[in-house]
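Chain A is the first sequence line, chain B the second, and so forth, proteins listed ahead of strands; every chain is numbered from 1.
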Amino acid sequence: MNGMIPKKIKGFRDIDPELNELRQQVVEKAGKVYELYGFRHWDTPVLEYAENLGKYLPDKETVAEGVYSFRNPETEPVYKNDGSELRDENDLVVMDNHHIAMRYDLTAPLARMYAEELFIQSLKGQLTTNNAPLFRRYQYGPVYRFEAKLDPGRFREFWQLDFDTVGTADVAADAEACMVLSDALEAIGLEKKSFVVRLNNRKILSGFLSGIGIAGEEDEASVLRVIDKIDKIGIDGITAELGKGRKDSSGAVIPGLGLENKTVNAIANYFERFVEDKSRESTIEALFSLNAKNEKFTEGMAELTRIDELLRASGYDEEKVLFSPSIVRGLGYYTGPVYEVESLLTFTDRKGNTRRVGSICGGGRYDGLVERLLGIKVPATGASIGVDRLCELLLLSGEATLQQKGTVLITVFDDELMGEYQKISAELRSAGIPAEIYYGAQRGLKKQIGYADKMNSPVCILLGSDEFEKGVVTVRNLALGKELSATIENKDEWKRKVQKEVSRNELVETIKEMLGRK
RNA sequence: GCCGUCGUAGCUCAGUUGGUUAGAGCGUCUGACUGUGGCUCAGAAGGCCAUAGGUUCGAAUCCUAUCGACGGUACCA
């Protein structure tokens, strides 16, 4: 045991019963909504071959690019692109300890699962974009990222709750994804007014940028990275960063991209129109008025217009889903519509500042992900709720309370009576009432009731040998007692009000009554 | 990762220009109340002042490094 003390890894957490309860509720309520739309519940392993996870290949044995990974302790064959085993000059199968990684999201494993199922078929040339099967699933569970910096609400192990549709290029699936997110968040208990779904299309961004001379993947990516910050640093901020660079409030120098003034102005002018939220209709109008003669832009606009129609047809008005032309999201990943949900709830931090948590869901269309694994383009789209961040938000904003209801606590006076205690608890449980016997070592009654109090027990039962012989049980209404304790003056009187002696065979009924379950 | 601020009891924090024995509130425990939650009262436990070096007659206080927390920035599948 040399070299370590008992503590958890940075960015990882122990989850207490209260938070577990909240998290489970989020997952259950949203999951139900997903099912209403036809998504089926799947799980995949936490570990995957690093190569299958996509673009982040680990650098030797080290954790690289934010992914936890290690070498598989057993050797396995190395494969060629056609699926056959790689052989050396002696015709022996080449073996290797493959890189294994912990999943960093649930989408990459989905792509692997889908591709694995269809791999043979694709080798035989029987799979095409047109006959790729439709697959809809939802999934939740922990994902792992080796984050360099841990902000509040940002962890290295956290839950996502995904739903995806694989096998359709129809942007109706994207429109639907926005509806699903909106429905799910409402089901979780967020008020309509407290969040907004924001939608954009990467084709529009990309088309606009290439129209003003920013083509090439790298140039586009670096510009998009700056645009992504617009809600944080504003038009002036991005103008500076696209050009000469700027100094931030802490005095740190942020180098600019050094674009020509003409280009910077074009970008600034474009986004200036969309600083304020507008209706979907007028956003579309404003985009059309740019008159960008670019194929990609036009394609993106057609998709956006269709999504607008579909949302309207389904009754999702402006207050629920907006178009925000500056939404960027993951680079080198999303290919068309992208969306995220911004929470408008606020909380007060320790310094008394009012703050927002911001984005709690994200998603979009990724038409290239399966292609990396199968060599055949299979369009897909989906989104994810950041479960832990959402829980954090619900707690911080006071939207959720964590107080859990306790059990009926059966206090212990006498080991001889343990059989009776067990019997009582069994009776309560079969009546559907959570019950628990006090097993602590310190048996002072004060201690026992103190425990019940701390566990938020509504009722406790007191049964000693004298009562047992008389065939009675003392029942104390702790919940009522707590209420009355504010005004308590005479302790004996208080005791009389909250506690009563009942006949043993009326016990369960009495407790039901106290719990208001009758 | 880079820049900045901060690390004192389980928690929230005092702690004088470097000076003897480091404090408070809350919480915990004990008792008044030996079989009863709250309030009140009396008492107790609890600190290598983050860690390791250095400066000094003397360090919680000054310097350096490391670790950790927070804020900004970068990144974000």
Student: Work out how far the P atom of rA22(B) is from that of rA60(B), and round it to whole angstrom.
Tutor: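 The same atom, P, in both gives a distance of 10 Å.
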
Student: Checking all strands, does Asp466(A) fall into the base, sugar-phosphate, or nothing category for heavy-atom contacts under 4.0 angstrom?
Tutor: base

Student: By nearest heavy atom, map Ser457(A) and Tyr334(A) onto RNA chain B; which one lands nearer the 5' end?
Tutor: Ser457(A)

Student: Determine whether a donor-acceptor pair (one donor, one acceptor, N or O, separation below 3.5 Å) exists between the side chain of Glu483(A) and the base of rG38(B).
Tutor: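 When only heavy-atom distances are counted, Glu483(A) does not reach the base of rG38(B) through any donor-acceptor pair under 3.5 Å.
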
Student: Have a look at Gln499(A) and say if it touches a base, only the backbone sugar-phosphate, or nothing, with a 4.0 Å heavy-atom cut-off.
Tutor: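 If one applies the 4.0 Å heavy-atom cut-off, Gln499(A) turns out to touch a base.
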
Student: One thing to verify: whether Asp105(A) and Arg145(A) come together as a salt bridge, which I'm taking to mean a side-chain N less than 4.0 angstrom from a carboxylate O.
Tutor: no

Student: Does Arg476(A) make a side-chain N or O approach to OP1 or OP2 of rG35(B) shorter than 4.0 Å?
Tutor: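 Negative; the distance criterion is not met.
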
Student: So which nucleotide from rC75(B), rG1(B), rG37(B) ends up closest to the side chain of Lys482(A)?
Tutor: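 Nearest to the side-chain atoms of Lys482(A), counting from C-beta on, is rG37(B).
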
Student: I'd like to know whether Val459(A) forms a side chain to side chain contact (heavy atoms under 4.5 Å, CB included) with Ile433(A), so could you lay out the CA-CA distance, the side-chain angles of the two residues, the decisive distance to 0.1 Å, and finally the verdict.
Tutor: CA-CA 11 Å; Val459(A) 171; Ile433(A) 299 166; over 6 Å; no

Student: Taking atom C1' in both rU16(B) and rA32(B), compute the distance separating them and give it to the nearest angstrom.
Tutor: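 Pairwise C1' distance, rU16(B) against rA32(B), rounds to 41 Å.
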
Student: Can you say whether a donor on the side chain of Lys495(A) sits under 3.5 Å from an acceptor on the base of rG38(B), or the other way round?
Tutor: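 Counting by modelled atom types and ignoring angles, no donor-acceptor contact under 3.5 Å is found here.
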
Student: Heavy atoms under 4.0 Å, any strand shown: does Asn477(A) hit a base, just sugar-phosphate, or nothing?
Tutor: base

Student: Give the C-alpha distance, both sets of side-chain angles, the deciding distance and a yes or no for salt bridge (charged side-chain N to carboxylate O under 4.0 Å, His left out) between Asp367(A) and Arg202(A).
Tutor: CA-CA 12 Å; Asp367(A) 287 347; Arg202(A) 284 287 282 278; over 6 Å; no

Student: Can you figure out which of rG37(B), rG35(B), rG72(B) approaches the side chain of Val498(A) most closely?
Tutor: rG37(B)

Student: What's the closest nucleotide to the Tyr104(A) side chain, out of rU36(B), rG37(B), rA77(B)?
Tutor: rA77(B)

Student: For rA45(B) versus rC26(B), give the span between their C1' atoms, rounded off to a whole number of Å.
Tutor: 16 Å

Student: OP1 or OP2 of rC70(B) sitting under 4.0 Å from any side-chain N/O of Lys149(A)?
Tutor: no

Student: Which part of the nucleic acid does Arg154(A) contact within heavy-atom distance under 4.0 Å: base, sugar-phosphate only, or nothing?
Tutor: base

Student: Does Lys512(A) come within less than 4.0 Å of Glu509(A), counting only side-chain N to carboxylate O?
Tutor: yes

Student: So does Lys447(A) get a side-chain nitrogen or oxygen closer than 4.0 Å to the phosphate oxygens (OP1/OP2) of rG35(B)?
Tutor: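 Indeed not, no polar side-chain atom of Lys447(A) lies that close.
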
Student: Under 4.0 Å between any heavy atoms, over every strand shown, what does Gly481(A) touch: base, sugar-phosphate, or nothing? Just pick one.
Tutor: base

Student: Could you tell me whether Glu176(A) and Arg136(A) have a side-chain N and a carboxylate O separated by less than 4.0 Å?
Tutor: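 Salt bridge between Glu176(A) and Arg136(A), a charged N being under 4.0 Å from a carboxylate O: yes.
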
Student: With heavy atoms under 4.0 Å as the rule, sort Asp105(A) into base, sugar-phosphate or nothing.
Tutor: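 Since only primed, P, OP1 and OP2 atoms lie under 4.0 Å of Asp105(A), the category is sugar-phosphate.
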
Student: Assess whether side chain to side chain contact (heavy atoms under 4.5 Å, CB included) is satisfied between Ser206(A) and Lys203(A), documenting all intermediate values.
Tutor: CA-CA 5 Å; Ser206(A) 180; Lys203(A) 289 178 186 170; 5.7 Å; no

Student: Describe the nucleic acid contact of Lys10(A) in one word from base, sugar-phosphate, nothing, applying a heavy-atom distance below 4.0 Å.
Tutor: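 Touches sugar-phosphate only.
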
Student: Identify whether any heavy atom of Glu241(A) sits under 4.0 Å from a base atom; if not, whether one sits that close to sugar-phosphate; answer base, sugar-phosphate or nothing.
Tutor: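 Result for Glu241(A) = sugar-phosphate.
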
Student: Please evaluate the base of rC76(B) for a donor-acceptor partner in the side chain of Arg145(A) within a cut-off of under 3.5 Å?
Tutor: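 Side chain to base: no pair below 3.5 Å.
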
